[in-house]
Amino acid sequence: MTAYVVAHMRQARMGPQLVEYLQKIDATLDPFGGRFLVHGGDVEVIENKWPGHLIIIEFPDRQQVRRWYNSVAYQAILTLRTDNSESDVIFVDGVEHPHKAADVLDQT
């Protein structure tokens, strides 16, 4: 099942380390089938507040997400981001298609 890394980057201090992170992250994704679906950009806030940026990276499955995150290549650049930003990061599975909203009621 497709899985995602979802990050809410509330604050980023752009400087040489974050630039280096951005220049290197793509190469860490490729071996695990990762690709950006959303990477910052203009958001239209229609309810409440949304401070910061949204990042969504798609992977073939949760196992590949974990392999990517724990890889030597990604761990080598991780602190370039964590030392220079405030972010919440989660791993989440997608849903099987077709999926209806009420399907979650069967999971409770």
Side-chain angles (χ1 to χ4, degrees):
M1 176 183 305
T2 304
Y4 303 90
V5 174
V6 179
H8 178 204
M9 184 172 283
R10 294 181 311 282
Q11 185 177 50
R13 293 171 290 286
M14 192 57 71
Q17 289 183 324
L18 207 47
V19 168
E20 181 181 353
Y21 175 85
L22 292 170
Q23 291 171 334
K24 292 182 175 182
I25 188 172
D26 292 320
T28 72
L29 297 171
D30 291 341
F32 304 96
R35 69 183 184 112
F36 283 98
L37 296 181
V38 176
H39 195 205
D42 183 32
V43 298
E44 182 177 350
V45 180
I46 59 170
E47 293 183 18
N48 297 317
K49 297 178 184 177
W50 184 265
H53 306 282
L54 178 65
I55 296 97
I56 302 174
I57 307 171
E58 178 185 61
F59 287 86
D61 55 45
R62 180 86 64 109
Q63 185 176 16
Q64 292 299 85
V65 171
R66 288 189 189 108
R67 286 180 177 163
W68 162 73
Y69 189 84
N70 293 315
S71 70
V72 170
Y74 187 67
Q75 289 297 307
I77 66 169
L78 178 60
T79 58
L80 297 172
R81 177 180 58 80
T82 58
D83 288 352
N84 295 284
S85 67
E86 294 177 22
S87 307
D88 300 310
V89 179
I90 62 169
F91 300 164
V92 62
D93 291 328
V95 295
E96 295 291 335
H97 296 284
H99 175 84
K100 302 291 184 202
D103 290 350
V104 300
L105 299 174
D106 296 333
Q107 299 171 6
T108 57

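Just so it is clear, the values below take in all heavy atoms, side chains as well, and ignore hydrogens, waters and symmetry mates. For the single chain, residues carry numbers from 1 onward in sequence order. Owing to the predicted nature of the structure, the values given are computational and were not obtained by experimental measurement.
- Looking only at side-chain heavy atoms (C-beta outward), His39 and Ile55 come within less than 4.5 Å of each other.
- Of the possible polar contacts, one joining the His8 side chain to the Pro51 backbone as a donor-acceptor pair under 3.5 Å is found.
- One hydrophobic cluster holds both Leu22 and Leu80 under the rule that ILVMFWY side chains link at heavy-atom gaps under 4.5 Å.
- Counting only distance, with no hydrogens or angles, the side chain of Asp30 and the backbone of Ala27 share no donor-acceptor pair below 3.5 Å.
- For the pair Pro60 and Phe32, the tightest heavy-atom approach, listed with the atom from each and the gap, is CD-O, 3.3 Å.
- One hydrophobic cluster holds both Leu29 and Leu78 under the rule that ILVMFWY side chains link at heavy-atom gaps under 4.5 Å.
- Side-chain heavy atoms closer than 4.5 Å link hydrophobic residues (I, L, V, M, F, W, Y) into clusters, and following such links, even through other members, never connects Val89 to Tyr4.
- Minimum heavy-atom separation, Val38 to Leu54: CG1-O, 3.4 Å.
- Considering only heavy atoms from C-beta on, Thr2 stays 4.5 Å or farther from His97 through its side chain.
- Between Asn84 and Tyr21, every side-chain heavy-atom pair lies at or beyond the 4.5 Å cut-off.
- Ile56 and Trp68 fall into different hydrophobic clusters, where Ile, Leu, Val, Met, Phe, Trp and Tyr are joined by side-chain heavy atoms under 4.5 Å apart, directly or via other members.
- For residues 62-91, the pairs satisfying salt bridge (Lys or Arg N to Asp or Glu O under 4.0 Å) are Arg10-Asp88, Arg62-Asp93, with sequence neighbours left out.
- In terms of hydrophobic clustering, with Ile, Leu, Val, Met, Phe, Trp and Tyr side chains grouped at heavy-atom distances under 4.5 Å, Phe36 and Ile77 are assigned to a common cluster.
- Classified by interplanar angle (parallel below 30°, tilted 30° to 60°, perpendicular above 60°), the ring pair Tyr69/Tyr74 is tilted.
- Contact annotation: the side chain of Met14 approaches that of Val19 to within less than 4.5 Å [non-hydrogen atoms, C-beta and beyond].
- Qualifying side chain to side chain contact (heavy atoms under 4.5 Å, CB included) partners for Val45, counting only residues two or more places apart in sequence or in other chains: Val43, Trp50.
- Taking every heavy atom of both residues into account, Val65 and Ala3 meet most closely at CG2-CB, 3.8 Å.
- Of all non-hydrogen atoms in Pro98 and Asp103, the two that sit nearest each other are O-OD2, 4.2 Å.
- Ala76 meets the side chain to side chain contact (heavy atoms under 4.5 Å, CB included) test with no other residue; sequence neighbours excluded.
- In terms of heavy atoms, Ser85 sits closest to Met9 at OG-CE, 3.8 Å.
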